[in-house]
Amino acid sequence: MRATFPHMGNLHISLKAMLQHLGVEVVTPPSCSKKTLNLGVKYGPEFACLPMKLNLGNFLEAYEMGADTVIMAGGCGPCRFGYYAQIEHAILKDIGCNMELIVLEPPSRYIFELTGKIKQITGNKPLWQVIQAICYGYQKARALDEVEIAAFKSRPREMAAGLTDAACRKALKLIDRAISWREIVEARKIAGKTMAGIPVDKDRAVLKVGIVGEIYTLLEPFTNLNLETRLGYLGVEVDRSIYLSEWVNDHLFMGLIKGLRSRKEASIAAHPYLRHFVGGHGQETIGNAINYARAGYDGIIQVFPFTCMPEIVAETILPVVSADFGIPVMTLIVDEHTGEAGVMTRLEAFVDLLARKKEMKEAL
Amino acid sequence: MKGYLGIDVGSVSTNIVFLDEGGIIRESIYLRTQGRPIATVQKGLGKLKDRLPSNIKVRGAGATGSGRNLAGIVVGADAVKNEITAHAVAASILVPGVQTILEIGGQDSKIIVLRNGVVSDFAMNTVCAAGTGSFLDQQAARLNIAIEKFGEIALQSEAVVRIAGRCAVFAESDMVHKQQMGCSLPDILAGLCEALVRNYLNNVGKGKDILAPVVFQGGVAANAGMVRAFEKALGLSVLVPPYFDVMGAVGAALLAREAVARKGPSSFKGFGVSEACFKTGSFECAGCANLCEVVEIAEDGKVIARWGDRCGKWLNSVHREEKIS
């Protein structure tokens, strides 16, 4: 079996570690690029959202590289993502790419449902090895998230442009290379040191912006045109409402690991405005926006793919949250466009707005 | 005479203004960009130079609009700012106390909400181009009427026809249907104006608190039919400032004045750039899988800027060359 999977930010690093530990041959598709997008748009249904088209593009590029099995996440709930795995499989078949499909679905009750699915991939590997592999993958996901969080903090404060990006690339490579438990722990430590070693101006005044919205477009920088990096260069410290490791803990481990931010907190915070699950991360978007406002952030940016229903629900509620908490909110809808000028215009204007508002507040 | 230069390079038009030191608009030029932003900026600068007295001194230059980076590099701008900030700055100075700015340009439309003279919220159309100037342009061309006459004809309407406004494509087929049914041209045009206003308020103005005074600017504000449709939908009087079509450029000039006051002498290259030879090109960087499209601009054979890469390899390469020399 030569397994592949869709890209979603740094997901490939931790998934690869997990699968390789189980002796599965992995074909990592090339990073999302215009080629990926073109393939996905060509073969995907027009009305589907951007994540699906990119998934499809990833699979096709991996197929060219010799992959024969697709590992894809599934899901339940009223977001179309839940059936993308099946649709994508059918499309691949239609265009003559015969690939096996294994859908990893969030367990509805026990983590063993998930390990059972993983066993399907690994054959007769003992359960302890499967669990160990998951731990490897998770440990890497944590390490990757720590690097990103550190980068969010240092980018707006770095002494020279590009220092953070360079350190980031180095740290990610380090984590990617680690194969044993000891190496992963070691890599996590060195990566942390690398990030902490970036020369920064600690006294520089920066704005703080919380980013909320749909998970795929939050995690995959290709879709949001490197939103977080751009904001960093505009002198903004960002925080993202969803990190890979938190999502894994919430959805796959059923919150087994304590001390991480969970979707439950966000749902509770959303209550005065939205008391129901509306699919995807719609409710969390509202809750996270409120939590950011309470934490003293200067602004909030919501990102989602064009036609994303759960986020459209959230979008219509956000102006009320914005008015109640006095925090500016901007919505960024992403689709096939790769032109950066439009995004830059909006980001710049939003940052100007936040800066002016902060100045006024401090002057009072 | 001393003053400030403001350049707004938009998708459809390129506007250049010259403000004197008191912030009074001395000269304004409105040109069609026609897909050639650099040549248009050069042409505009040449024209401006001819119109201004010979003792002119440019104390600062600002660029805005979707082509602001390009224009900024070409003329050596002191301030390169997005059009939202530029429009807000211009309106708040030319129309004191303004609380809402409706702006419809060629390819985009935006709403800017100001409170106490400061932008408090804004929105810009994202994926839909319905309700922008280009669509009106296209329909005027299809009906064989000059775009300048559009508003005038729409105002003659007596019974406005309802046109579907959610999508430009469907709006067009709806218009065709109404026209084949025998509705009069003024009624259809007025209907189109109302449809665009509905679309704008539902998409761009969604959830925004539109308070008077309301200012309507951008090229489409020239269309009296649109002004009336806005007034009807909002139940407020809508003000079209005298320089509505060059407000972005005015804002850029004002921002340049601010920037120069902060950082010192202007980096404006002078009106000579209108004769320089600029060449642009792009290539796909094969350095990694991102395959970034890198744009390169050369002035008289020397590369003066590159951008478009994600990693900064090309972007920084120009700065490095500068430092060495």
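Numbered from 1 within each chain, the chains take letters A, B, ... in sequence-line order. As a basis for the values below, the full set of heavy atoms in this structure was taken, side chains included, without hydrogen atoms, waters or symmetry mates. Values in this document were obtained by computation on a predicted structure and should not be read as measured data.
Residues in residues 316-326 of chain A take part in these side chain to side chain donor-acceptor pair (under 3.5 Å) pairs, two or more places apart or across chains: A:Tyr273-A:Asp324.
The candidate with the highest count of non-hydrogen atom pairs below 4.5 Å against chain A, out of B:Lys206, B:Arg68, B:Glu83, B:Lys208, is B:Arg68. Across B:Ala88, B:Ala123, B:Ser120, B:Ser66, the residue that shares the most heavy-atom pairs under 4.5 angstrom with chain A is B:Ser120. The choice from A:Pro319, A:Pro328, A:Ala349 that makes the most heavy-atom pairs within less than 4.5 Å of chain B is A:Ala349.
For B:Lys263, the NZ atom sits in a packed shell: over 12 heavy atoms of surrounding residues, nucleotides or ligands are nearer than 6.0 Å. For A:Arg204, the CZ atom sits in a packed shell: over 12 heavy atoms of surrounding residues, nucleotides or ligands are nearer than 6.0 Å.
Considering every non-hydrogen atom in both A:Glu348 and B:Val80, the closest pair reads OE1-O, 4.1 Å. Nearest heavy atoms, B:Phe122 versus A:Arg346: CZ-O, 3.5 Å.
Both the backbone and the side chain of B:Val119 come within contact range of chain A, judged by heavy atoms closer than 4.5 Å. Looking at A:Glu315, the atoms closer than 4.5 Å to chain B (heavy atoms on both sides) all sit in the side chain, from C-beta outward. Proximity to chain B is limited to the backbone of A:Val329, based on heavy atoms less than 4.5 angstrom apart. Neither the backbone nor the side chain of B:Val89 comes within less than 4.5 Å of any heavy atom of chain A.
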With a 3.5 Å cut-off and sequence neighbours excluded, list the donor-acceptor pairs that the side chains of residues 351-364 of chain A form with protein atoms.
{"unit_1": "A:Asp352", "atom_1": "OD1", "unit_2": "B:Lys81", "atom_2": "NZ", "d": "2.8"}
{"unit_1": "A:Asp352", "atom_1": "OD2", "unit_2": "B:Lys81", "atom_2": "NZ", "d": "3.1"}
{"unit_1": "A:Asp352", "atom_1": "OD2", "unit_2": "B:Asn82", "atom_2": "ND2", "d": "3.4"}
{"unit_1": "A:Asp352", "atom_1": "OD2", "unit_2": "B:Thr85", "atom_2": "OG1", "d": "2.7"}
{"unit_1": "A:Lys357", "atom_1": "NZ", "unit_2": "A:Gly326", "atom_2": "O", "d": "2.7"}
{"unit_1": "A:Lys358", "atom_1": "NZ", "unit_2": "A:Val206", "atom_2": "O", "d": "3.3"}

